[in-house]
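To keep things clear, I will list the structure first and then write my remarks on it.
Since the structure is predicted, the reported quantities are computational estimates derived from the model, not experimental observations.
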Amino acid sequence: CSRSAANPGAEGGCWWFRVPQDPRVLDSMLPYLTVCYGNPHSRTHAYGWESEAALDKARRQVADLIGADSREIIFTSGATESNNMAIKGVARFYKSRKKHIITTQTEHKCVLDSCRSLETEGFQVTYLPVKKNGLIDLKELEGAFQPDTSLVSVMTVNNEIGVKQPIHDIGEICRAHKVFFHTDAAQAIGKIPMDVNDMKIDLMSISGHKIYGPKGVGALYVRRRPRVRLEPLQSGGGQERGLRSGTVPTPLAVGLGAACEVAQQEMEYDHKRISQLAERLVTKIMSEVPDVVMNGDREHRYPGCINLSFAYVEGESLLMALKDVALSSGSACTSASLEPSYVLRAIGTDEDLAHSSIRFGIGRFTTEEEVDYTVQKCIQHVKRLREMSPLWEMVQDGIDLKSIKWTQH
């Protein structure tokens, strides 16, 4: 990074709110990128045994973070693959008896697209709405079960607005109905305590780069007792208990394991520090700028994911003005779309306000100086853009915009 907090005007780009790889993770990976090059699935020589031992250790590190057995951890290329494996795998394995799935309208795109794909195969999917605070109504969940429901999939922490669903309660409800429970925990693992047994979770998706590990690796937790059966998505050599064929990339798996171990050690400290930085950012912005809305529940949330709507400001214009800060108007997976966030629409946000939303991410390596720089730039550009807005001028004159009947010419 060629720009520093002390010298934000220097040339070059910088990721202020970034999720870089933790140096401790890189250190753990380096031997397996250089000298320890054996295929972990080769059982006939010491090089293979060495890599296999490294995979076993990484599997234990991932399992320890979520209270699982290491035999229940399947290495994947990331949470998108894990979500596809869990949803399509369970649905297709039990399709002869069960053809119904329950999820929510605010899931990650890969979950929603997996469900839509299953609908074309004859499955029925219930997409539960969420309340204005982004949380599901547990009574609505209870009422959605059918005799042929095979799976419930609800993400732990939303990737756009940071709300934290009542996973423990959902797990209890699913277990009572004898229905498997899957959660996309990519945004939660290593940031908040997660225990698959206490929370009655049967399948859990994990992403490496969300916890300062390498990109291109993740994991799927699959419960062994009571056993969850999956139909594999791909055929091949039968690696990973036959559920995910293909050679496991040892350096990436080792990096994921190390990231999980570091996260377990740092979780309490990280959470406290990130909470303080988040409070600093939100308080400073809201004290200087009127008509700012925080999207999602204020209490049941992960503090490192903040979504603010700046009324009477076009979100894309604000992003362009803040181009030296790594912000977004939604998830990175859908950032190419100019449509307002479907998550914000699901919580009942007006389209104008949805278009004015910005997502701030605060992590382990974010500094106070970076937060203050972002706050100062944000306030400066919001005020500048509002001064250029005829809508803002009308509001200052006391005109109720909702009372105006707009016409198209």
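Rounded to the nearest 0.5 angstrom, Gln276 CD and His271 NE2 are separated by 11.5 Å. In this structure, Thr106 OG1 and Ile136 CD1 are separated by 9.0 Å, a value rounded to the nearest 0.5 Å. Atom-to-atom distance recorded for His300:NE2 and Lys164:NZ is 7.5 Å, nearest 0.5 angstrom. One finds the CG atom of Leu281 at 10.0 Å from the CE atom of Met286 (value rounded to the nearest 0.5 Å). The line from CZ of Phe180 to CZ of Phe93 is 9.0 Å long, rounded to the nearest 0.5 Å.
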Name each donor-acceptor pair under 3.5 Å that joins a side chain in residues 225-237 to protein atoms two or more places apart or in another chain, with its distance.
from: Gln234; atom 1: NE2; to: Ser245; atom 2: O; distance (Å): 2.6

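At a cut-off of 3.5 Å, with distance as the only test, a side-chain donor of Tyr373 or Asp324 sits close to an acceptor on the other residue. Inspection of the Asn133 and Arg298 side chains reveals no N or O donor paired with an N or O acceptor under 3.5 Å. A donor-acceptor contact closer than 3.5 angstrom links the side chains of Glu107 and Thr104. Checking Asn83 against Ser205 by side-chain atom types alone, a donor-acceptor pair falls below 3.5 Å. Side chains of Gln187 and His108: a donor-acceptor N/O pair is absent below 3.5 angstrom, by distance only. Looking only at atom types and distance, the side chain of Glu81 has a donor-acceptor partner in the side chain of Ser77 under 3.5 Å away.
Considering only heavy atoms from C-beta on, Asp202 stays 4.5 Å or farther from His182 through its side chain. Side-chain atoms of Thr103 and Val152, non-hydrogen and from C-beta on, never get closer than 4.5 Å to each other. Side chains of Thr156 and Gln165 form no contact here, defined as non-hydrogen atoms less than 4.5 Å apart. Arg24 places a side-chain heavy atom less than 4.5 Å from the side chain of Glu266.
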Step-by-step side-chain contact (heavy atoms from CB on, under 4.5 Å) determination, Arg97 to Tyr94: CA-CA 6 Å; Arg97 295 180 289 114; Tyr94 296 97; 3.4 Å; yes

Test side chain to side chain donor-acceptor pair (under 3.5 Å) applied to His177 and Glu142, step by step: CA-CA 9 Å; His177 285 270; Glu142 283 269 17; 2.9 Å; yes

Step-by-step salt bridge (Lys or Arg N to Asp or Glu O under 4.0 Å) determination, Lys139 to Asp137: CA-CA 5 Å; Lys139 289 182 179 177; Asp137 186 325; over 6 Å; no

Chi angles and distances behind the side chain to side chain donor-acceptor pair (under 3.5 Å) call for Thr283, Glu279: CA-CA 6 Å; Thr283 301; Glu279 182 67 24; 3.0 Å; yes

Pair Asn295-Ser357, side chain to side chain donor-acceptor pair (under 3.5 Å): steps then yes or no: CA-CA 9 Å; Asn295 296 304; Ser357 71; 5.2 Å; no

Side chain to side chain donor-acceptor pair (under 3.5 Å) evaluation trace for Asn158 with Arg301: CA-CA 9 Å; Asn158 187 272; Arg301 66 181 307 109; over 6 Å; no

Residues Arg244, Gln239; criterion side-chain contact (heavy atoms from CB on, under 4.5 Å); working and verdict: CA-CA 6 Å; Arg244 204 273 184 180; Gln239 291 91 343; over 6 Å; no

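Judged by distance alone, with hydrogens and angles left aside, the side-chain atoms of Ser51 form a donor-acceptor pair with the main-chain N or O of Gly38 at under 3.5 Å. When atom types are taken as modelled, the side chain of Arg359 and the backbone of Ile161 share no donor-acceptor pair closer than 3.5 angstrom. Although no hydrogens or angles enter the test, the distance criterion places a donor-acceptor pair under 3.5 Å between the side chain of Ser114 and the main chain of Cys110. For Thr183 (side chain) and Val154 (main-chain N/O), a donor-acceptor pair under 3.5 Å exists by modelled atom type. At distances below 3.5 Å, at least one donor-acceptor pair connects side-chain atoms of Thr349 with backbone N or O atoms of Leu344. A distance-only check finds no donor-acceptor pair linking the side chain of Arg384 to the backbone of Ala321 [under 3.5 Å]. Side-chain atoms of Arg59 come within 3.5 Å of backbone N or O of Ile73 as a donor-acceptor pair. Glu240 places a side-chain N or O within donor-acceptor distance of the main-chain N or O of Phe75, the cut-off being under 3.5 Å. For His41 (side chain) and Val248 (main-chain N/O), a donor-acceptor pair under 3.5 Å exists by modelled atom type. A donor-acceptor contact shorter than 3.5 Å is absent between the side chain of Asp350 and the backbone of Leu353.
Surrounding NZ of Lys99 are more than 12 heavy atoms belonging to other residues, nucleotides or ligands, all under 6.0 Å away. Within a 6.0 Å sphere centred on NZ of Lys131, heavy atoms belonging to other residues, nucleotides or ligands number more than 12.
One finds a salt bridge joining Lys284 and Asp372 here, because a Lys/Arg side-chain nitrogen approaches an Asp/Glu carboxylate oxygen to under 4.0 Å. Ion pairing of Glu72 with Arg241 is absent here, as no side-chain N (NZ or NE/NH1/NH2) approaches a carboxylate O to less than 4.0 Å.
Screening Val282, Leu308, Leu277 for a side chain to side chain contact (heavy atoms under 4.5 Å, CB included) involving Phe360 leaves a single residue, Leu308.
Aromatic ring centroids of Tyr47 and Tyr37 lie under 6.0 Å apart.
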